[in-house]
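What follows is a short report on a single structure.
These numbers come from the heavy atoms of this one structure, side chains and all, not from hydrogens, waters or symmetry mates. Sequence lines set the chain letters: A, B, ... in the order given, protein chains first and strands last, and positions in each chain run from 1.
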Amino acid sequence: MAKEYNFREIEQKWHRLWTERQTYKVSEDESRGKFYVLNMFPYPSGAGLHVGHPLGYIASDIYARYKRLQGFNVLNPMGYDAYGLPAEQYAIKTGQHPEKTTFANIDRYREQLDKIGFCFDWDREVRTCTPDYYKWTQWAFQKMFYSYFDEELQKAQPIEKLIEKFKKEGTWPSDEKAQSDLLMQHRIAFLGETMVNWCPKLGTVLANDEVVEGVSVRGGYPVEQKKMRQWCLRVSAYSQRLLDGLDTIDWSESIKETQRNWIGRSEGAEIEIKVYNEEQGARSKEQENTDSSSNPLAPCPLPPAPVSFTIFTTRADTMFGVTFFVLAPESELVDMVTTPEQRAAVDEYIKYVKSRTERERMIDHTVTGVFSGAYGINPITGDKCPIYIAEYVLAGYGTGAIMAVPAHDSRDYAFAKHFNLPIIPLVEGADISEESYDAKEGIVMNSPISPDKSVAYDGESLCLNGLSIKEAIAETKRFVKAHNLGRVKVNYRLRDAIFSRQRYWGEPFPVYYKHGIPTMIPEECLPIELPQVEKFLPTETGEPPLGNAQIWAWDEVNRKIVDKKLIDEKTVFPIELYTMPGFAGSSAYYLRYMDPHNDKALVSPEAASYWQNVDLYVGGSEHATGHLIYSRFWNKFLFDLGVSKTEEPFKKLVNQGMIQGRSNFVYRIKDTNTFVSFGLKDQYDVTPIHVDVNIVKNDILDLEAFKAWSPEYATADFVLEDGKYICGWAIEKMSKSMYNVVNPDMIVENYGADTLRLYEMFLGPVEQSKPWDTNGIDGCFRFLKKFWGLAQSILNNPNNQNTPSAEELKALHKLIKKVTSDIEEFSYNTSISAFMVAVNELSQLKCASRAILEPLVILIAPFAPHIAEELWESLTTDASLRKGESVFDAHWPQYEEKYLVETSVKLGVQFNGKVRFDMFFPADATPEQMVEMVTSAPEAQKHLEGMQIVKTIAIPKRIVNIVVKPC
RNA sequence: GCCCAGAUGGUGGAAUUGGUAGACACGAGGGACUUAAAAUCCCUUGGCCAGUGAUGGCCGUACGGGUUCGAUUCCCGUUCCGGGCACCA
């Protein structure tokens with residue numbers, strides 16, 4: 001008796017059996033090769049999963065199952081990035097503890113995930129907010145605190161080595177505070193006074209990747225620059241290694257390029273500029289006068305004028321075109337160079353700059369600036385050039401000071417035009433009358449303008465005339481280095497990561513303040529658990545939320561957390577009130593999955609050696625400058641420590657595209673409760689209204705469901721076309737407010753998980769963003785029903801021991817070949833197509849051979865595991881050989897070329913590149929034989945008549961083309 | 001402004017190293033079965049033209065050129081869409 005395809009029964013059965021049999025439990029197995037598949041773990045939001053979330057999970061699940069069938073020991077874990085802002089904000093609103101809502105959300109996620117049938121080893125689940133997990137986040141932070149980055153070795157080293165070095169040099173201070181301050185400048189995790197992105201609305205600082213165009217990524221609130229003492233990670237130290245590593249990993253070019261941009265390496269030179277002496281002389285005199293005077297109204301003593309300052313340039317070749325220097329307004333040099341005459345003007349300008357927000361500065365690029373009154377001396381030409389202060393120079397990049405070459409830099413050009421400063425062209429043939437010539441191509445001139453315009457050092461003076469720009473850059477660098485005028489320098493745009501947040505729902509720092517000196521709580525005492533608080537908001541005194549915690553002081557003697565009241569600054573000290581940012585917990589989770597229950601180490605050396613790193617990582621490209629940089633940094637640090645066994649954490653990265661929503665609209669005739677169908681709406685004055693896509697099928701509205709949808713529409717009237725109400729549609733972001741959220745549970749309920757899996761993959765390439773369109777899902781459902789039907793007809797055929805026919809074997813082996821190569825390339829949509837073709841072929845051949853069905857079931861197993869398991873069981877019940885085993889313990893079939901051999905091939909025969917007719921050729925025909933056959937074929941004669949053959953092209957299995965021309 | 005990726009029917013998308021463009025699926029149209037619906041099955045489906053018809057011809061992979069016997073594929077230029085970086089010297 002042929003059974004119906006009852007997906008509900010089948011899927012429930014196998015979910016149960018998989019759990020009972022622990023089908024997906026993995027452990028280290030030296031006898032088999034490992035393969036580590038990983039998804040970016042989700043943040044469990046309150047909204048639950050929509051159909052976009054599982055896209056990547058399904059893609060990686062297919063790959064994981066495929067690899068397992070190929071004999072690999074596959075690690076495919078899942079967990080939750082459980083710390084996050086939404087839970088905290090919800091807690092502030094409702095008073096519910098974020099842990100409670102987070103865990104409830106996790107349960108909901110788990111339930112939804114289980115329905116889709118993933119092969120996750122749930123014994124390895126991690127949650128970043130549980131103490132046994134964040135113990136190792138805190139541990140890694142402490143390791144970073146106790147390490148510094150050795151520039152020479154280009155790797156992290158224990159801080160003791162640095163102390164030794166200082167002691168040897170005699171620069172090690174005796175004062176404890178001074179020691180702490182000195183080491184802070186070198187530690188990889190350090191407390192730094194830096195300009196930070198402060199978001200007043202969120203009440204916290206944000207990392208650079210959390211701010212876009214001057215507003216916070218979360219919430220879109222304005223962000224301002226503020227100087228604050230914060231924990232930072234010295235990510236910038238790893239800039240070069242982060243850059244070099246990109247060449248060794250299999251990631252998309254666009255993601256690598258994004259990271260290269262973000263790291264922003266630029267090679268240049270730092271050159272020392274002396275401040276003009278005469279000014280300094282005048283100022284010294286004035287200072288003396290002030291000092292000798294006892295007049296209380298006398299101006300404050302001027303700070304000492306600096307002897308020199310350093311500028312950074314990537315265009316060392318343009319030294320002869322410098323006509324002024326510019327300092328960033330925030331630079332400490334400003335106060336030092338400003339002359340008394342210009343003091344008022346400069347102060348006013350600084351005030352103006354401070355009044356502008358980051359956002360204003362980013363959008364508005366009008367030229368502003370002020371003369372400092374001082375002059376700098378160009379060391380190459382000996383020229384005296386004015387020093388300006390202008391906001392277009394950034395304090396945070398390079399040295400905060402530049403040399404301005406208006407002829408060849410557009411920003412300098414605009415500034416020079418505005419302030420009427422000279423412009424000296426340096427490139428032959430470059431027209432600089434309207435704009436600067438910024439390109440690094442051309443031949444250098446005017447360098448120097450005349451021989452006496454180049455200062456000689458040790459008898460050598462610089463001349464670049466006639467060189468290409470590239471040569472000139474190299475020559476200038478050599479000259480500067482040789483005569484000690486500066487040094488060659490590489491700058492990176494990548495900044496250190498700000499690692500503290502003024503929030504509650506995050507990892508607490510295992511740090512206390514002993515007389516104001518940050519001190520690590522001993523490693524054996526970790527984890528330091530997040531304390532309970534009454535309120536999740538900042539305290540009245542402006543402290544972060546942890547300021548509300550009562551039991552939050554460190555007792556050094558008893559080595560435990562005690563009541564704040566006991567703080568005496570002798571043995572009991574206050575604990576850090578900041579918490580760690582979101583990326584702290586997500587930076588090394590892939591290592592924890594290797595050994596998730598180990599309470600002695602983040603990961604045991606054995607597990608780390610076996611699993612190495614992630615072979616396939618699947619997730620969204622929006623993490624390019626956040627998680628994917630931090631994680632690489634974190635891993636490199638742990639690699640330096642010997643904890644991680646590989647330099648790069650993720651060998652291959654696949655970015656799944658976003659699934660957009662496809663919204664549906666109904667059209668209400670103005671001021672009525674009548675709705676007009678899409679095709680007729682232009683005849684009325686209508687308002688489009690979003691309608692829930694779940695009550696629309698193939699753009700046809702379910703009228704009864706619509707009436708039931710909202711009481712407002714209970715009495716709605718409709719103007720139909722062809723008896724149907726057709727809805728309009730648009731592609732928008734999937735969101736609740738547009739009623740276009742499609743929930744995977746609904747699809748699973750109506751079609752089954754196998755259909756959902758198949759359809760999500762059939763929609764198009766995994767990497768591509770595409771709108772969710774439920775319209776096509778029937779095709780995949782039909783296919784599974786056909787597949788099931790084919791299998792049933794084979795299973796129920798009394799003659800099923802038949803040996804398969806040549807056609808059947810050909811169809812099968814064609815499929816094995818196609819599916820195998822497609823899975824390797826993540827071309828799941830085309831392998832599903834190939835399946836559809838093969839099943840149609842086999843159905844038409846009335847295939848009845850079990851020998852065909854068995855490999856067919858294995859082939860479909862990664863895509864539709866439930867149906868495959870069910871059929872596998874049917875195949876093996878009477879044989880009782882493999883009873884109880886999973887199809888995933890079987891072996892992936894190999895295709896055999898002998899079944900695919902064609903005896904003859906049909907090829908298009910062309911004359912002058914145009915296809916004229918088809919012809920059959922023996923599959924092994926040589927090009928000469930093919931041409932011979934064509935020219936003697938009767939159909940060819942009319943094309944050859946009155947013509948002569950100029951050339952013949954014959955490619956076996958491809959094409960035959962005869963080029964002819966009239967005789 | 002700089003860098004990266006892309007553009008193929010009504011729709012999602014196929015197309016090995018340049019070799020019969022539009023696989024597969026959806027939608028649409030027609031038909032079979034059925035009291036009817038659902039389900040299932042069969043046929044047609046890029047555009048235009050000619051023909052009763054089998055069929056034949058022309059155009060067609062964003063646009064304009066080029067290389068080639070032959071270009072969706074390679075090269076140059078243009079337009080449009082998406083992504084990243086951006087007073088980074």
Taking the [atom1] atom of each, how far is [N] from [M], in whole Å?
N     : M     : atom1 : value
B:G60 : B:A71 : C1'   : 14 Å
B:G13 : B:U61 : C1'   : 13 Å
B:G46 : B:G10 : P     : 10 Å
B:C74 : B:G19 : C1'   : 15 Å
B:U52 : B:C41 : P     : 37 Å

5'-most by nearest nucleotide on RNA chain B - A:Thr366 or A:Arg958: A:Arg958
Is atom CE of A:Met919 surrounded by more than 12 heavy atoms (other residues, nucleotides or ligands) closer than 6.0 Å? yes
side-chain N/O [X] vs [N] OP1/OP2, d < 4.0 Å:
X        : N     : value
A:Arg493 : B:A86 : yes
A:Tyr397 : B:A89 : yes
A:Ser266 : B:A89 : yes

Checking B:A89, B:C41, B:G19 against the side chain of A:Lys786 (C-beta onward), the nearest is B:C41
Rounded to whole angstrom units, what separation is found between the CE atom of A:Met403 and the C1' atom of B:A89? 9 Å
Using atom CG of A:Asp438 as one end and atom C1' of B:C88 as the other, report the distance to the nearest whole Å. 14 Å
Heavy-atom check, side chain of A:Asp702 versus side chain of A:Tyr725, under 4.5 Å: no
Going by the glycosidic torsion and a 90 degree boundary from 0, is the base of B:G9 oriented syn or anti? syn
For A:Leu763, which contact category applies under a 4.0 Å heavy-atom criterion: base, sugar-phosphate, or nothing? sugar-phosphate
Base, sugar-phosphate, or nothing for A:Arg265, non-hydrogen atoms under 4.0 angstrom? nothing
Report the base-pairing partner of B:A25 (Watson-Crick or G-U wobble, both distances below 3.5 angstrom), or none. B:U11
